[in-house]
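Just so it is clear, the model here is predicted, and its values are computed rather than measured. Note on naming: letters A, B, ... go to the chains in the order of the sequence lines (proteins, then strands), and numbering restarts at 1 for each one.
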Amino acid sequence: MSEEERSLNFIEHIVEDDLKDGYGKEDLRFRFPPEPNGYLHIGHASSICLNFGLGLRYDSPVNLRFDDTNPAKEESEYVEAIKKDVSWLGYEWDKECYASDYFGQLYDWAIELIKQGKAYVDSQTSEEIANQKGTPTEPGSESPFRNRSIEENLELFQAMKEGKFGEGEHVLRAKVDMASSNMLMRDPIMYRILHKPHHRTNTDWCIYPMYDWTHGESDYIEQVSHSLCTLEFLPHRELYDWFLDQLVDSKKLRPKQREFARRNLSHTVVSKRKLLQLVESGVVSGWDDPRMPTISGLRRRGFTPESIRNFADTIGIAKRENVVDVSLLEFHVREHLNKIAPRVMAVLNPLKVVITNYEEGKEEWLEAENNPEDESAGSRKIPFSRDLFIEQEDFREQANRKFFRLKLGGEVRLKNGYIIKAESCTKDVEGNITEVQCTYDPKSKSGSGTEESLRKVKGTLHWVSVPHAVEAEVRLYDRLFNDPTPDGHKDKDFMEFVNPDSLNRITGYLEPSLKEAKVGDGFQFQRLGYFNVDSDSTENHLVFNRTVTLRDTWAKLEQKS
RNA sequence: UGGCCUAUGGUGUAAUUGGCAACACUACUGAUUUUGGUUCAGUCAUUCUAGGUUCGAGUCCUAGUAGGCCAACCA
């Protein structure tokens, strides 16, 4: 929230400079321009946070613009999903725009270019055009159709629009420079014929404008001041500017494109093709599988919009290659969830404990605070009885002094309850511990104020009363990939790095208050991690996702020894 | 082998534009704690290399080195 103190990123410096050089604050306008051909992922989140963050910072409008110029790939299903994700992240767009709304204007401008001799219809095949393109080190050669008469170009272009030709028969090209060192300037294609219905314009058009001919012009129509995109579009800037040069009215604001490096998250892939492969191969259950880096996956997993925004904010924006460690994302989820998640108790790997000196059949309802970080969260009652579950990892017959948990002859506090002492344990034929017999100190009840209740014992365990426990399916997730850069190996396919143990489904035993939990609700299972109710939950089958574990310094200690 | 972009701790970003390399994460110490959580305190850098300009260089100049992008009727 200390927004003032944060130093500016290079994009903000550009905006500040523009403000000094004559832009009015009211001139500023930004846009987030997804193509509706797939689901948004964590990489898009950076771009969304950048553009909408700028909007918030300068109190200027941000458009949500769908770059829908390729009907072969785009569907309205994706439009809806994208709108949902952007809203969920907490942003409000000014106008909902579609590049397809500008098809008419773009067509008229194309005709202008033809009339000025700056565009021509090329009737070669795509192979021929590609062959004439040259290479980065050799110039291209000119198309035999490059010098068609304006009249013929006009006639052909209109016939293209009217559907008189099949796909691939003609294209409209800008007449720029076949010898440019920038391959994109070698007479780029502006229009191609596509006899495909469009998700919004249906069959109104059978010629569709290309990205380069659409994007800057859309920015201009919307009077976007700063058109921000990722670094791979940097070579497009020259063309972006060339097209604007042909039609900009000097009295109107001229948009500028600037580029930033895309953010890469470690241990994940983000390309649509690879995500699709994960879905189709059955490695994950769908685009919103909680292990997916999609916004919908993160949402289902229990990440909060705040945590994603803070994450995007702290990594910032720059121009160099990067791989951000997932642990930073996890830090931000924990940071936010620590403040807001109600604490509850759940045992995931149960070991039965019997309190031998506790009356059989008796139950007590103990007071438990909901969130030590937030007094207003209040408290609730949890049942205590003679038979309890604790975690198997919390008991050892014998252990050294570093082990703060329950061991034979040792004492431990049951969170919100009593101090207990382990007296004996029973084992099955294989030697596995099946039950621990304990005694409790009746005067040590939490919050009772007695001298015994204030006694310090080193360990505090979470627990659940066996007769009151609610069973639930709990899904424990781990990283989807074992390698920090699964798609960064030239000799190995990213699928080779899929973590076979990224999902572990178990049955957990929860305190009864969780019976009322609704889909999406998030909790801290004390000492275990943050969990939320999955959308697979039904009335009689609760399903929880583990969003992220708590930091676990004990596990690290254990690993070392 | 053409053009363009980039290079600061393990990671991601800063550095008032030439003035004590800062912040966050991770890791490691320690304190606090009825969550081995949280919180608090502390530790971890030859600014890619080599020269140069300067009282002074992460920042400017020269030459290297390394990585990335560019030849879809995709965006």
Side-chain angles (χ1 to χ4, degrees), chain A residues 5-9 13 33-35 37 67-70 72-74 99 122 125-126 129-131 133-140 167-173 180-184 186 189-194 207-208 210-212 214-215 229 231-238 259 261 263 266 311 313-325 327-332 334-335 338-339 343 345 369 372-373 402-405 412-417 419 446-447 453-462 484 524-529 549-558:
Chain A
E5 302 188 9
R6 213 191 84 234
S7 51
L8 303 183
N9 62 46
H13 279 296
E35 181 188 15
N37 71 340
D67 234 331
D68 54 349
T69 58
N70 186 357
K73 293 187 175 180
E74 296 149 7
D122 196 335
T125 64
S126 63
I129 292 176
N131 289 338
K133 205 113 206 222
T135 69
T137 51
E138 302 157 34
E167 293 185 7
E169 285 187 51
H170 305 278
V171 290
L172 185 73
R173 288 229 256 171
S180 172
S181 58
N182 182 348
M183 301 288 292
L184 290 159
R186 325 247 258 226
I189 291 170
M190 295 171 66
Y191 276 95
R192 78 287 214 186
I193 297 168
L194 246 30
I207 55 170
Y208 291 92
M210 301 288 288
Y211 166 84
D212 287 299
T214 308
H215 204 89
C229 58
L231 232 30
E232 68 265 29
F233 287 95
L234 200 153
H236 293 252
R237 184 149 120 196
E238 193 180 357
E259 311 80 13
R263 322 313 319 214
S266 76
F311 170 68
D313 230 47
T314 49
I315 60 185
I317 289 294
K319 293 178 83 166
R320 64 173 132 159
E321 295 294 309
N322 59 81
V323 182
V324 184
D325 202 288
S327 62
L328 184 60
L329 215 205
E330 291 170 352
F331 162 78
H332 282 288
R334 291 191 186 108
E335 184 192 42
N338 177 49
K339 288 189 194 123
R343 271 58 169 174
M345 293 204 284
E369 74 179 330
E373 307 291 316
K402 288 264 182 79
F403 187 77
F404 301 158
R405 308 176 182 191
V412 95
R413 174 171 290 283
L414 294 177
K415 179 82 181 166
N416 304 308
I419 293 174
S446 290
S453 75
L454 298 172
R455 244 177 75 213
K456 300 280 180 201
V457 287
K458 193 60 191 170
T460 302
L461 306 185
H462 64 278
Q524 184 194 95
F525 289 3
Q526 281 179 117
R527 301 213 300 136
L528 297 174
T549 60
L550 256 26
R551 280 187 70 221
D552 192 348
T553 42
W554 167 244
K556 280 176 201 155
L557 268 177
E558 282 273 279

A:M345 CE to B:U34 P, in whole Å, measures 16 Å
What nucleic acid atoms does A:V323 come within less than 4.0 Å of, heavy atoms only: base, sugar-phosphate, or nothing?
sugar-phosphate
In whole angstrom, give me the gap between the P atoms of B:U53 and B:U1. 31 Å
*Taking side chain as C-beta onward, heavy atoms only, is A:R192 less than 4.5 Å from A:Y208?*
yes
_Testing the 3.5 Å rule here: is there a donor-acceptor pair between the side chains of A:S327 and A:D325?_
yes
A:S446 has its side chain closest, among B:U13, B:G12, B:U34, to B:U34
Just to confirm, is there a sub-4.0 Å distance from OP1 or OP2 of B:U13 to any side-chain nitrogen or oxygen of A:R263? yes
Could you tell me how far B:A21 sits from B:U33 if I compare only their C1' atoms? Round to whole Å. 36 Å
Kindly say whether A:L329 contributes a backbone atom to a donor-acceptor pair with the side chain of A:R334 at under 3.5 angstrom? no
**Message:** Work out how far the C1' atom of B:G3 is from that of B:U43, and round it to whole angstrom.
**Reply:** 47 Å
Exactly one candidate in A:L172, A:T214, A:D212 meets side-chain contact (heavy atoms from CB on, under 4.5 Å) with A:M190; the answer is A:L172
From NZ of A:K319 across to P of B:C4 the rounded distance in Å is 13 Å
For the backbone of A:S180 and the side chain of A:R186, can you confirm whether one donor and one acceptor N or O come within less than 3.5 Å of each other? yes
Separation of B:A27 atom C1' from A:E330 atom CD, nearest Å, is 15 Å
What I'd like to find out is whether the side chain of A:D552 reaches to under 4.5 Å of the side chain of A:R527, using heavy atoms alone. no
With sugar-phosphate taken as primed atoms, P, OP1 and OP2 and all else as base, the protein-contact string of nucleotides 70-75 of chain B at under 4.0 Å (heavy atoms; B, S, -) is SB-BBB
The answer to which of A:F331 and A:N9 contacts RNA chain B further toward the 5' end, by nearest nucleotide, is A:N9
Taken to the nearest whole Å, NE2/A:H462 to C1'/B:U34 is 14 Å
- Item | Pairwise C1' distance, B:U11 and B:G52 [rounded to whole Å] | 34 Å
- prompt: Given the C1' atoms of B:A63 and B:C55, what is the spacing between them in whole Å?
  reply: 26 Å
Between CG of A:D313 and P of B:A14 the distance, given in whole Å, is 12 Å
Provide the distance between the two P atoms, one in B:G10 and one in B:U47, to the nearest whole Å.
12 Å
Does a donor on one side chain sit under 3.5 Å from an acceptor on the other, for A:E74 and A:N37? no
Separation of B:A24 atom P from A:L328 atom CG, nearest Å, is 12 Å
Which atom pairs link the protein and nucleotides 35-38 of chain B when you take only N or O atoms and keep those under 3.5 Å?
| unit_1 | atom_1 | unit_2 | atom_2 | d |
| --- | --- | --- | --- | --- |
| B:U35 | O2 | A:Q524 | OE1 | 3.0 |
| B:U35 | O2 | A:R527 | N | 2.9 |
| B:U35 | N3 | A:Q524 | OE1 | 2.5 |
| B:U35 | O4 | A:R343 | NE | 2.5 |
| B:U35 | O4 | A:R343 | NH2 | 3.0 |
| B:G36 | OP1 | A:R527 | NE | 3.3 |
| B:G36 | OP1 | A:R527 | NH1 | 2.7 |
| B:G36 | O3' | A:T553 | OG1 | 3.0 |
| B:G36 | O2' | A:T553 | OG1 | 3.4 |
| B:G36 | O2' | A:W554 | N | 3.4 |
| B:G36 | N7 | A:R405 | NE | 3.0 |
| B:G36 | N7 | A:R405 | NH2 | 3.0 |
| B:G36 | O6 | A:F404 | N | 2.8 |
| B:G36 | N1 | A:K402 | O | 2.7 |
| B:G36 | N2 | A:K402 | O | 3.4 |
| B:G37 | OP1 | A:T553 | OG1 | 3.0 |
| B:G37 | N2 | A:E373 | OE2 | 3.1 |
| B:U38 | OP2 | A:R551 | NH1 | 3.1 |
| B:U38 | O2' | A:N338 | ND2 | 3.4 |
| B:U38 | O2' | A:E373 | OE1 | 3.2 |
| B:U38 | O2' | A:E373 | OE2 | 3.1 |

request  = Take atom C1' in B:U38 and the same atom in B:U34, then report the distance between them in whole Å.
outcome  = 13 Å
* When you compare B:U49 with B:A66, how far apart are their C1' atoms, in angstrom units rounded to a whole number? -> 10 Å
| said: Taking the basic N atoms (NZ, or NE/NH1/NH2) and the acidic carboxylate oxygens, is any pair closer than 4.0 Å for A:E259 and A:R237? | reply: yes
*Are any of the side-chain heavy atoms of A:T69 and A:H215 separated by less than 4.5 Å?*
no
Side-chain donor-acceptor pair under 3.5 Å between A:D122 and A:H170, yes or no? no
Side-chain atoms of A:T137 come closest, of B:U1, B:C5, B:A14, to B:U1
